[in-house]
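So that the names make sense, note that chain A is the first sequence line, chain B the second, and so on, each numbered from 1.
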Amino acid sequence: MDYIYFKIQQEIITHITSALKILKYPVQIKLERPPDQGLGDFSFPCFSFSKISRKSPNETAKIIAEKLSTNHFIKNICVDGGYINFSIDETPLIQETVHSILTNKQSYGHLDKKNIFIIVEHTSANPNGPLHIGRARNPIIGDTLTRLLKAAGYSCESQFYLDDLGKQVAILCWGINNLPKEEKASIANKKLDHIAVGFYQKANDLMNEDPQVKQDIQDIIWKSEHGDIQTISLIQEAYQPVLKGMNESLKRVNITIDTYIPESTFVKDSSVEKVLDILKNTPFCHEEHGAYYLDLESFGIKGRNTKFFITRGDGTSLYATRDIAYHAWKATQADILLNVLGEDHKLESKQVEIGLQLLGIEKIPKTVFYSFVSLPEGKMSTRRNRVVYLDDLIDECVQRAYEEVKKRRADEFSELEMKTIAEKIGTGAVRYNIIKVQPEKDMVFQWEDALNFEGNAAPFIQYAHARASSILSKNETSIKGIEKQIYSKLMHPSEIQLIKKMALFPFVIQEASITYKPHLIASYLFDIASLFNQFYRDCPVLSEPDKELKIARLCLVASAKQVLNNGLCILGIDALEEM
RNA sequence: GGGCGUGUGGCCUAGUCUGGAUAUGGCACUGGCCUUCUAAGCCAGUGAUCGCGGGUUCGAAUCCCGCCACGUCCGCCA
């Protein structure tokens with residue numbers, strides 16, 4: 001893709017490079033953006049060169065600036081406070097940007113195809129109950145990353161690593177098969193995952209009270225981990241409905257997962273065994289009461305205990321060992337492995353990494369860790385019933401959105417229309433509130449914040465999109481086959497600001513995808529929506545008497561709508577024509 | 001005890017990797033703007049020892065050292 005801003009930036013870098021070469025200064029270029037638009041569009045700090053020139057930073061900047069020339073992109077160069085500030089000629093920028101948006105449409109902002117395949121592993125929640133909002137951060141970050149990476153030109157697959165072995169599903173399995181079924185009336189309107197969690201909770205309690213139950217559950221674990229086909233399929237029957245329920249919740253917030261990889265796969269195909277064979281033969285492996293562990297002290301692992309157990313005393317594998325086998329397999333499937341994990345998995349992730357190294361695998365997964373969402377009264381806990389389920393959050397947000405729509409537009413929309421719009425606003429709000437904060441920040445969930453649809457929230461962006469759509473739907477002037485020269489009519493500061501910001505979209509996608517920071521997209525979109533609202537205030541479109549300016553503005557509205565749409569698409573939030 | 005992460009106005013948050021111009025926005029609060037394209041909006045205002053203490057630097061929210069608080073982990077759990 002040929003984006004004008006890339007070209008302009010490259011142009012400036014080339015100019016500075018040749019100036020620095022003439023002066024025999026080291027070529028170290030960091031282009032910044034001035035804090036104030038009045039200063040220019042790009043700035044080049046010259047402080048580091050003042051040591052060489054033995055002059056003040058500002059004098060140095062002047063010396064460098066003298067060797068620079070303007071061209072058709074660069075309108076003006078001025079030195080101020082040790083910076084060389086570049087003002088770009090807005091005409092080509094405006095023309096090219098609007099033109100590029102209207103011709104590239106849904107792919108505006110997207111980067112060139114890279115022929116690199118990424119597996120994004122996310123969610124991977126134990127299928128023993130509904131997703132709660134602590135876990136919900138995972139699919140939202142994961143899905144947004146997947147969408148973002150696709151926009152950045154990668155091909156991607158999302159994977160859910162399905163925990164079908166071990167204690168959690170075994171408890172569920174026992175509960176489903178041994179506890180009395182619930183009465184039809186009490187489960188009438190319940191989702192499958194919400195029904196199942198009751199069995200899990202009861203079975204969990206019984207396990208702690210009744211040694212026989214505990215033994216039964218342990219049998220299930222033992223059999224499944226030894227690859228007993230019958231037990232594994234019994235477990236599968238138990239968790240499938242839960243998974244179905246979880247997927248319904250995810251689907252509601254526009255998340256679908258491409259592939260499910262059951263953990264048992266790697267036991268059944270004996271790849272775990274092969275992994276163990278190799279790991280046992282490394283010098284780091286030791287044995288203790290029949291169990292094998294790797295001593296990770298020499299790998300920089302510190303703490304009370306540096307032993308990483310890879311088998312139990314009975315020879316069966318452990319979760320992390322199977323995870324190594326899974327990652328070893330993934331490494332053969334993709335160019336880049338990206339995992340989204342809770343911060344509690346940091347050590348385990350490091351152990352997997354070391355395991356892969358010992359297997360001679362160089363494709364080490366990259367990981368985005370997120371902190372937990374807690375409640376004002378403390379950590380979320382299903383057992384203590386101190387938990388907010390994702391479904392409840394979605395329901396509340398949709399309900400709130402419905403009330404707002406009804407308040408404003410009851411006389412214009414049908415009941416069905418209001419419900420449809422409310423669903424999109426409510427679910428969008430859920431995603432946006434989670435993705436706008438960088439993953440490593442702790443979050444305390446507050447209903448008040450979650451249900452606030454003003455300011456930096458999804459409805460603000462959807463609203464700007466709806467306003468743009470509204471203008472276009474009322475317009476009767478054709479904007480097909482417009483010559484881009486007409487866009488130079490767009491001279492109002494609000495128009496220029498908006499266009500300049502839209503020109504940055506590819507940069508933002510680039511930056512966000514390289515650093516795996518989806519929240520950058522959220523704050524960028526917020527800026528676009530905000531600038532659009534300012535434009536909306538300052539520049540009437542439909543009533544504009546100058547025909548050419550009107551057309552240019554219509555094109556600008558269409559571009560803004562497109563950029564908002566493309567950005568919302570990366571965030572997995574529905575754009576709205578009306579709200 | 002150790003590892004990792006976080007700490008920015010009353011609350012939330014950007015910027016931290018790659019040091020740079022008066023620290024970004026939002027919520028709340030105060031005042032103003034709907035006979036004109038949707039007021040879920042716009043404009044203005046109040047409000048910050050950037051956790052604390054040192055250091056490096058012409059320059060530190062950003063880098064280094066020490067400390068404090070919170071989260072998280074250090075299971076033959078997952």
Solution key, residues 443-467 of chain A side-chain donor-acceptor pairs under 3.5 Å, sequence neighbours excluded:
| unit_1 | atom_1 | unit_2 | atom_2 | d |
| --- | --- | --- | --- | --- |
| A:N452 | OD1 | A:E454 | N | 3.0 |
| A:N456 | OD1 | A:Y432 | OH | 2.5 |
| A:Q462 | NE2 | A:K424 | O | 3.2 |
| A:Q462 | NE2 | A:D574 | O | 2.9 |
| A:H465 | ND1 | A:L576 | O | 2.8 |
| A:R467 | NH1 | A:N533 | OD1 | 2.8 |

**Report entry** Sequence-aligned protein contact record of nucleotides 58-70 of chain B, with B where the base is within under 4.0 Å of a protein heavy atom and S where only the sugar-phosphate is
**Finding:** -------------
Query raised in the report: Distance under 6.0 Å and angle within 45° of the ring axis: does A:K30 meet both against A:F44?
Result: no
Requested in this report: Any chance you could list the contact pattern along nucleotides 29-35 of chain B? Use B for base contacts, S for sugar-phosphate-only contacts and - for none, protein heavy atoms under 4.0 Å, 5' to 3'.
Outcome: -------
Filtered N/O pairs between nucleotides 40-42 of chain B and protein, under 3.5 Å:
| unit_1 | atom_1 | unit_2 | atom_2 | d |
| --- | --- | --- | --- | --- |
| B:A40 | OP2 | A:R408 | NH1 | 2.0 |
| B:A40 | O5' | A:R408 | NH1 | 3.1 |
| B:A40 | O4' | A:R408 | NH1 | 3.0 |
| B:G41 | OP1 | A:G455 | N | 3.1 |
| B:G41 | O3' | A:N533 | ND2 | 3.1 |
| B:G41 | O2' | A:R467 | NH1 | 2.8 |
| B:C42 | O3' | A:R537 | NH1 | 2.8 |
| B:C42 | O2' | A:R537 | NH1 | 2.8 |

Query - Proximity to the side chain of A:N85 - top-ranked nucleotide from B:G3, B:G15, B:A21 - result: B:A21
Report summary line: The dot-bracket string of RNA chain B, counting Watson-Crick and G-U wobble pairs with both distances under 3.5 Å, using [ ] for crossing pairs and | for pairs to another strand, is (((((((..(((.......[....))).(((((.......))))).....(((((..]....))))))))))))....
Report summary line: Walking RNA chain B from its 5' end, the first of A:S523 and A:F535 to be reached, judged by nearest nucleotide, is A:S523
Query raised in the report: Under the rule syn = chi within 90° of 0, otherwise anti, which is B:C34?
Result: syn
Query raised in the report: Going by atom types alone, do A:D538 and A:S494 pair a side-chain donor with an acceptor below 3.5 Å?
Result: yes
Query - A:E273, CD atom: more than 12 neighbouring heavy atoms under 6.0 Å - result: no
Report task. Could you tell me whether A:F299 and A:F284 have their ring centroids closer than 6.0 angstrom? Result -> yes
What does the list of N/O pairs under 3.5 Å between the protein and nucleotides 75-78 of chain B look like, with a distance for each?
| unit_1 | atom_1 | unit_2 | atom_2 | d |
| --- | --- | --- | --- | --- |
| B:G75 | OP2 | A:N305 | ND2 | 2.6 |
| B:C76 | O2 | A:G313 | N | 2.4 |
| B:C76 | N4 | A:E288 | O | 3.0 |
| B:C77 | OP2 | A:R312 | NE | 2.8 |
| B:C77 | OP2 | A:R312 | NH2 | 3.4 |
| B:A78 | OP1 | A:E225 | OE2 | 3.2 |
| B:A78 | OP1 | A:R312 | NH2 | 2.7 |
| B:A78 | OP2 | A:Y319 | N | 3.2 |
| B:A78 | O3' | A:D163 | OD1 | 2.6 |
| B:A78 | O3' | A:D163 | OD2 | 3.1 |
| B:A78 | O2' | A:N126 | OD1 | 3.2 |
| B:A78 | O2' | A:N126 | ND2 | 3.2 |
| B:A78 | O2' | A:D163 | OD2 | 3.0 |

Query raised in the report: Relative to each other, are the rings of A:Y293 and A:F309 parallel, tilted or perpendicular (30° and 60° limits)?
Result: tilted
Query - Any side-chain donor near an acceptor of the partner, A:H327 and A:N339, under 3.5 Å - result: yes
